[in-house]
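We number each residue from 1, following the sequence as shown.
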Amino acid sequence: MRNREKHPFGALSGYIPLNNGEISLYREIREAVPIIDAAIIKIIRLTGGFTVNCRDKSAEKELSEFLRTVNTGRAQRGIDSFLNGYLDSMITCGRGIGEIVLKNRREIAAVLNGNPADIEVKEGASPLDFKICIYNGLELKELPYQQFLLFTPYNPEADSPYGVSLMRSMPFLTDILMKIYNSIGVNWERAGNVRYAVVYKPTGDILDKAYAKERSTQIAAEWSNAMQSTKSGKVRDFVAVGDVDIRVIGADNQVLDSEVPVRQILEQLVARTGIPPFMLGLHWSSTERMSGQQADILTSEITAIRRSLNPVIERICDMWFKLRCEKPDYKVVWDEINLQDAVEEARAGLYRAQAEKLKEGEK
């Protein structure tokens with residue numbers, strides 16, 4: 001009898017689906033499965049940056065400088081660092097929370113991210129009426145200055161204001177994956193670190209039987225000394241008299257092939273992120289590369305994420321204009337999404353030019 005070996009991420013086994021996102025569980029999934037963490041970081045980086053265009057070019061220059069240098073806490077500056085953390089919370093926790101900090105009530109001193117696990121949403125009589133609160137002991141207390149708080153749910157459902165984490169459907173499969181990985185580690189600990197069974201078989205001689213215990217103790221001591229010598233790089237032979245049988249424990253056992261089940265689980269997890277597998281280092285096909293259809297699908301995913309971030313950016317820019325007593329007059333322009341190879345783009349441009357030339361010739 002032996003204790004059941006368990007992987008160290010116990011929250012995955014005891015997961016019970018609830019209405020609100022289990023934030024600690026989702027963070028544990030990212031820690032347990034590096035490929036999920038890499039996929040989320042890839043999504044954040046692919047979202048890219050943006051610029052603001054204003055009719056008043058002097059205001060555009062000042063607003064761009066503010067967005068480039070605004071303090072975002074923890075020795076970071078720039079709106080991009082704030083949006084990276086904000087989007088990370090949206091994807092992982094299902095919601096992002098931030099705060100606009102003023103200086104002398106005349107200018108924005110900082111834009112800071114908050115911990116989504118600390119806040120609760122108190123709904124009013126209508127979906128338009130809600131307050132962001134925190135628990136003060138057992139009492140739910142509304143936070144002051146709600147107009148300076150930034151809150152964005154990720155893919156919210158009709159009956160919940162908190163949003164849905166990208167990893168809501170992953171705990172079950174992640175738990176199975178951790179069991180497989182943990183079993184691989186346990187098996188290698190048992191079989192990889194070789195253990196020996198040394199069996200001494202006394203002969204029919206009366207004297208040999210009488211001293212069997214002493215001889216077995218002597219064989220065990222000499223075998224232990226031989227094994228200890230190998231740790232220091234020395235080669236020490238083991239010599240025994242009589243019928244001594246030495247075997248490797250577990251050498252005849254067959255280790256289960258984990259490639260197929262692990263790949264099936266990873267396919268499900270990677271498909272949920274929307275990232276092509278080869279971008280995460282999974283080369284399941286020797287000719288795998290990004291096709292035009294994959295690029296279009298990924299582009300639409302990134303565009304949807306940008307639409308979710310637009311209200312947050314506009315809230316910050318609107319507040320910047322209001323503190324200057326000016327009417328907001330700007331447009332958020334995201335950087336162009338470019339997922340194709342330069343060679344493929346050049347070839348596509350050549351084909352378009354040839355098609356246009358043929359059309360002109362026909363006319």
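- Clustering of Ile, Leu, Val, Met, Phe, Trp and Tyr side chains at separations under 4.5 Å places V101 together with L112.
- By the side chain to side chain donor-acceptor pair (under 3.5 Å) test, N53 pairs with no residue at all, sequence neighbours left out.
- With sequence neighbours excluded, no residue forms a ring pair (Phe, Tyr, Trp, His ring centres under 6.0 Å) with F151.
- Here salt bridge (charged side-chain N to carboxylate O under 4.0 Å, His left out) pairs that include residues 297-309, with residues two or more places apart or in two chains, number zero.
- Between the side chain of S81 and the main chain of G78, a donor-acceptor pair closer than 3.5 Å is present.
- By the side chain to side chain donor-acceptor pair (under 3.5 Å) test, D243 pairs with no residue at all, sequence neighbours left out.
- Clustering of Ile, Leu, Val, Met, Phe, Trp and Tyr by side-chain heavy atoms under 4.5 Å joins V199 with none of the others.
- Remark: K103 engages E107, A109 in a side chain to side chain contact (heavy atoms under 4.5 Å, CB included) (not counting sequence neighbours).
- For T69, the side chain to side chain donor-acceptor pair (under 3.5 Å) test picks out no residue, with sequence neighbours left out.
- Considering only residues two or more places apart in sequence or on other chains, E356 meets the side chain to side chain donor-acceptor pair (under 3.5 Å) condition with none of them.
- When hydrophobic clusters are built by joining Ile, Leu, Val, Met, Phe, Trp and Tyr residues whose side-chain heavy atoms come closer than 4.5 Å, directly or via intermediates, Y145 is grouped together with I100.
- Proximity of a side-chain donor or acceptor of S224 to a complementary backbone N or O of A221 within less than 3.5 Å is not detected.
- Shown here are the side chain to side chain contact (heavy atoms under 4.5 Å, CB included) partners of N84, two or more places apart in sequence or in another chain: I44.
- Applying the salt bridge (charged side-chain N to carboxylate O under 4.0 Å, His left out) definition to pairs two or more places apart or across chains, those involving residues 261-272 are R263-E267.
- Within the structure, the salt bridge (charged side-chain N to carboxylate O under 4.0 Å, His left out) test picks out the following pairs touching residues 33-44 (sequence neighbours left out): R30-D37.
- Contact of the T51 side chain with the S64 side chain is not registered, since no non-hydrogen atoms from C-beta on lie closer than 4.5 Å.
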